[in-house]
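First up is the structure itself, then whatever we jot down about it.
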Protein chains: 2
Amino acid sequence: MQALTVEPGVAHSARVEEVDEPSGDGVLLRVLEVGVCGTDREISEGLYGVAPKGEQRLVIGHESLARVERDGHGFSKGDLVCATVRRSCGHCLACGEGAPDSCLTGDYTEHGITRLDGFACELVLEHPDFIVPIPRSLGRLAVLAEPTSICTRGVRHALTIGARQPWVPKRALVTGAGAVGLLSAMLLRLEGMEVCVASLEESSSIAEALGAEYVSTRSTDLAGLGPFDIVVEAAGVAQLMLDGLGLLARSGVCCLLGIDGRDGTAQIADKVIGSDTVLENRVLFGSVNAHHRDWVTGVEALDRARQQFPGALEELIALRVPLDRFEEAFAFHGGKATLVLAEPDS
Amino acid sequence: MQALTVEPGVAHSARVEEVDEPSGDGVLLRVLEVGVCGTDREISEGLYGVAPKGEQRLVIGHESLARVERDGHGFSKGDLVCATVRRSCGHCLACGEGAPDSCLTGDYTEHGITRLDGFACELVLEHPDFIVPIPRSLGRLAVLAEPTSICTRGVRHALTIGARQPWVPKRALVTGAGAVGLLSAMLLRLEGMEVCVASLEESSSIAEALGAEYVSTRSTDLAGLGPFDIVVEAAGVAQLMLDGLGLLARSGVCCLLGIDGRDGTAQIADKVIGSDTVLENRVLFGSVNAHHRDWVTGVEALDRARQQFPGALEELIALRVPLDRFEEAFAFHGGKATLVLAEPDS
């Protein structure tokens, strides 16, 4: 069967090649579509990723949408599903409690990223514990389930942290208008919050379709828009992450979902971290990956958003190309790009 | 009766003067001792503090130990008590729920600091809701109840935030060896954690009496000591606060209790905030003031620490002078200084 593989650490090594079909027990899945994100782009540039033990190449792809190929394990042939990404390290408290999203050792594995082959291939065999059912009404849009699960976890943690004291968040800011930023805005809107999305682009029809205000950071100083009860940083810019602390209201929570691994430094006024943050009980935290429950509630949220914000999710999936045109998907930056392996009803 | 007052905003305006005795309903308290902290020093330097409405001068003192003067309201003459500091703004969710420590408006008042006279006077009339009973076994050491309540809240919030995911904190770092730093170390030790206290001084016999390791930041690079599950910043140095993020283990929580209102800037490597903080689910948060429950559990903790770490709390209260020698207490920086107004059994 065909798979998109890379040699981790080697730039531009991505290629579609023949690999063996999976065999054994488990739920056999026919992959329909995989989303492409910044992590995939970094892997294809040789900056990230680890091949499975004993292998030189890694099948990439961690944002999956698939169809069950045979009855069994509580699933029926034809069911739409997603497979989750991270697997437990097997030897820490968090992983032992089924929460590899907060693995305490760092020895976890991740499909398509770290030591486990991914989903950019025709067939996948998966343990039923790691499969999330997709409502037929959501259909193809469920290819957004993985980035949505990331945002669902981030928002859940922000709300949990905020709830350590009496607090009702009303205004939220999201920096960055990529998939993670817009899906975070979607979740915050579904929570009933007033949401502002800020990014470099001049406008965002998707943000508007979600009922959020959109501001371009090229023409607007974020400091003038605050304070916010929740800030979600999804642009992956360290300085914006730190700036989040200064944009918070009393008891406000800043959630970092983007990644910035560059070699710079970020700065903050002593007064903001040393006085405002303390005297106003502000919080900044990072969130990575997602718990199984975040996949389930994230999928539910997507299906609600599909009805509540018509057209927004459809517009977010901006480029769909077949597997062999992966280079177009990697080069695309105007929204979510996906690789299509099969149609749902094929 | 005698009281220590200041004219807020005017440096060196502190003086002992005659003020009217309180009258009306409530619990009448004879103040025995008040602790002096950095906030009192800032107020005496004219940098902080607001007089009660219509008044020019403010009675200072917010770290109280007192004796009940007459039976009633559930208290008996002779009971040892403390009075809490902050009072609700009266018009926000948090204050409405009895949590002025997380007041959402900033319109709260604080005895001895903001718009309410403090406890550095002979007699105080207090509502019973704001009085915390002190076990006779703790005695004079209960003058540490207020700073302990601050630390109790900080540690409680750190543990609550950390508990949003499976986590058992084992190693903690406290920066700063003033009262707030050492009392935080005490609480973390009582929680069974391995604790390292780091400060400018060469040694700290109190930290050692608490069973903590002590390191001098003049000779030791903190980066070599990590990672820590909990970091408590109690030195009031913005750069140390931000550095805390870099010293955390996976799922670690950094709690800021010190205040730094200076005009500098603090820096952090993009990689620490933009990558490590996100990929390892790290948290940084500020904590101010205390909930009533933190006073109660803080007093219990002090009484346990008195038995478990003999001599440590006694040594922490390093200078006790009568009210009219307040200048000595303000100038003292070798531990907690207190102003003694009366003896418990006088």
Side-chain angles (χ1 to χ4, degrees), chain A residues 92-99 101-106 156-157 160-161 164-168 233 236-239 241-242 245 249-251 253 256-289 291, chain B residues 92-99 101-106 156-157 160-161 164-168 233 236-239 241-242 245 249-251 253 256-289 291:
Chain A
C92 83
L93 169 71
C95 284
E97 294 190 8
D101 54 322
S102 56
C103 174
L104 293 160
T105 63
R156 173 170 65 84
H157 279 227
T160 304
I161 289 171
R164 77 196 182 285
Q165 51 196 10
W167 180 65
V168 177
E233 207 292 325
V237 177
Q239 186 60 56
M241 300 183 196
L242 205 46
L245 269 180
R250 285 175 184 276
S251 299
V253 180
L256 312 182
L257 294 180
I259 303 271
D260 187 343
R262 293 175 297 182
D263 271 339
T265 56
Q267 291 202 334
I268 190 167
D270 284 355
K271 186 186 168 296
V272 173
I273 186 164
S275 181
D276 299 346
T277 298
V278 181
L279 294 176
E280 300 196 353
N281 295 302
R282 300 182 191 175
V283 185
L284 176 145
F285 76 102
S287 179
V288 72
N289 208 268
H291 192 278
Chain B
C92 83
L93 169 71
C95 284
E97 294 190 8
D101 55 320
S102 57
C103 175
L104 293 160
T105 63
R156 175 170 63 85
H157 279 227
T160 304
I161 289 171
R164 75 195 184 286
Q165 52 195 7
W167 180 64
V168 176
E233 206 292 324
V237 177
Q239 186 59 57
M241 299 181 195
L242 206 47
L245 269 180
R250 286 176 184 275
S251 298
V253 180
L256 312 182
L257 295 180
I259 304 271
D260 188 343
R262 292 176 298 183
D263 271 339
T265 57
Q267 291 201 333
I268 190 168
D270 284 356
K271 185 185 170 295
V272 174
I273 187 163
S275 181
D276 298 346
T277 298
V278 181
L279 295 176
E280 299 195 354
N281 295 302
R282 300 182 192 177
V283 185
L284 176 144
F285 76 102
S287 179
V288 73
N289 208 266
H291 192 279

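Chain letters run A, B, ... following the sequence lines, proteins first and then strands; every chain starts at 1. On a predicted model such as this, the values are computed, not experimentally measured, just so you know.
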- [ ] Sort C92(A) into side chain, backbone, both or neither according to what part of it lies under 4.5 angstrom from a heavy atom of chain B.
- [x] neither
TODO: Would you mind telling me which of G96(B), A94(B), S102(B) has the largest number of heavy-atom pairs within less than 4.5 Å of chain A?
DONE: S102(B)
Task: Separation of L242(B) CG from T265(A) OG1 (nearest 0.5 Å) - done: 10.5 Å
TODO: Would you mind telling me which of D276(B), T277(B), V278(B) has the largest number of heavy-atom pairs within less than 4.5 Å of chain A?
DONE: V278(B)
Task: Closest approach of C103(B) to R250(A) (non-hydrogen atoms, all atoms of both residues) - done: O-CD, 3.5 Å
Open item on the list: Report which part of D101(A) has an atom under 4.5 Å of a heavy atom belonging to chain B: side chain, backbone, both, or neither.
Closed with: backbone
- [ ] Specify which of I268(B), L279(B), L256(B) makes the most heavy-atom pairs with chain A at under 4.5 Å.
- [x] I268(B)
Task: Region of V272(A) that comes under 4.5 Å of a non-hydrogen atom in chain B - done: neither
TODO: Of all the heavy-atom pairs spanning A238(B) and I273(A), show the shortest one and how long it is.
DONE: CB-CG2, 3.8 Å
- [ ] Considering only heavy atoms and a distance below 4.5 Å, find which of V253(A), V283(A), L284(A) pairs most often with chain B.
- [x] L284(A)
Open item on the list: Do R164(B) and R156(A) have side chains that approach each other closer than 4.5 Å (heavy atoms only, starting at C-beta)?
Closed with: no
Open item on the list: Heavy-atom pairs under 4.5 Å with chain B: which of Q239(A), K271(A), H157(A) has the most?
Closed with: H157(A)
Task: Region of T160(B) in contact with chain A, defined by heavy-atom distances below 4.5 Å - done: side chain
TODO: Sort A266(B) into side chain, backbone, both or neither according to what part of it lies under 4.5 angstrom from a heavy atom of chain A.
DONE: both
Task: R282(B) side, atom CZ; S287(A) side, atom OG - distance, nearest 0.5 Å - done: 14.5 Å
Open item on the list: What's the separation between atom CG in L245(B) and atom CE in M241(A), rounded to the nearest 0.5 Å?
Closed with: 11.5 Å
Open item on the list: So which atom in L93(B) and which in W167(A) form the shortest heavy-atom distance, rounded to 0.1 Å?
Closed with: CD2-N, 3.4 Å
Open item on the list: Please classify the contact of V237(B) with chain A as side chain, backbone, both or neither, using a heavy-atom distance under 4.5 Å.
Closed with: neither
Open item on the list: Is C95(B) close to chain A through its backbone or its side chain, or both, or neither, when contacts mean heavy atoms under 4.5 Å?
Closed with: neither
TODO: Taking the side chain as every heavy atom from C-beta outward, state whether Q165(A) and H291(B) have any atom pair closer than 4.5 Å.
DONE: no
Open item on the list: Is Q267(A) in contact with chain B via its backbone, its side chain, both, or neither, using a 4.5 Å heavy-atom distance?
Closed with: both
TODO: Give, as side chain, backbone, both or neither, the part of A99(A) having an atom under 4.5 angstrom from any heavy atom of chain B.
DONE: side chain
Task: CD1-CG distance between I259(A) and D270(B), expressed to the nearest 0.5 angstrom - done: 12.5 Å
Task: Any donor-acceptor pair under 3.5 Å from N281(B) side chain to V288(A) backbone - done: yes
Open item on the list: Is L257(A) in contact with chain B via its backbone, its side chain, both, or neither, using a 4.5 Å heavy-atom distance?
Closed with: backbone
Task: Non-hydrogen atoms of P166(B) and L104(A) that approach each other most closely - done: O-CD1, 4.0 Å
Open item on the list: What's the separation between atom CZ in R262(B) and atom OG in S275(A), rounded to the nearest 0.5 Å?
Closed with: 12.0 Å
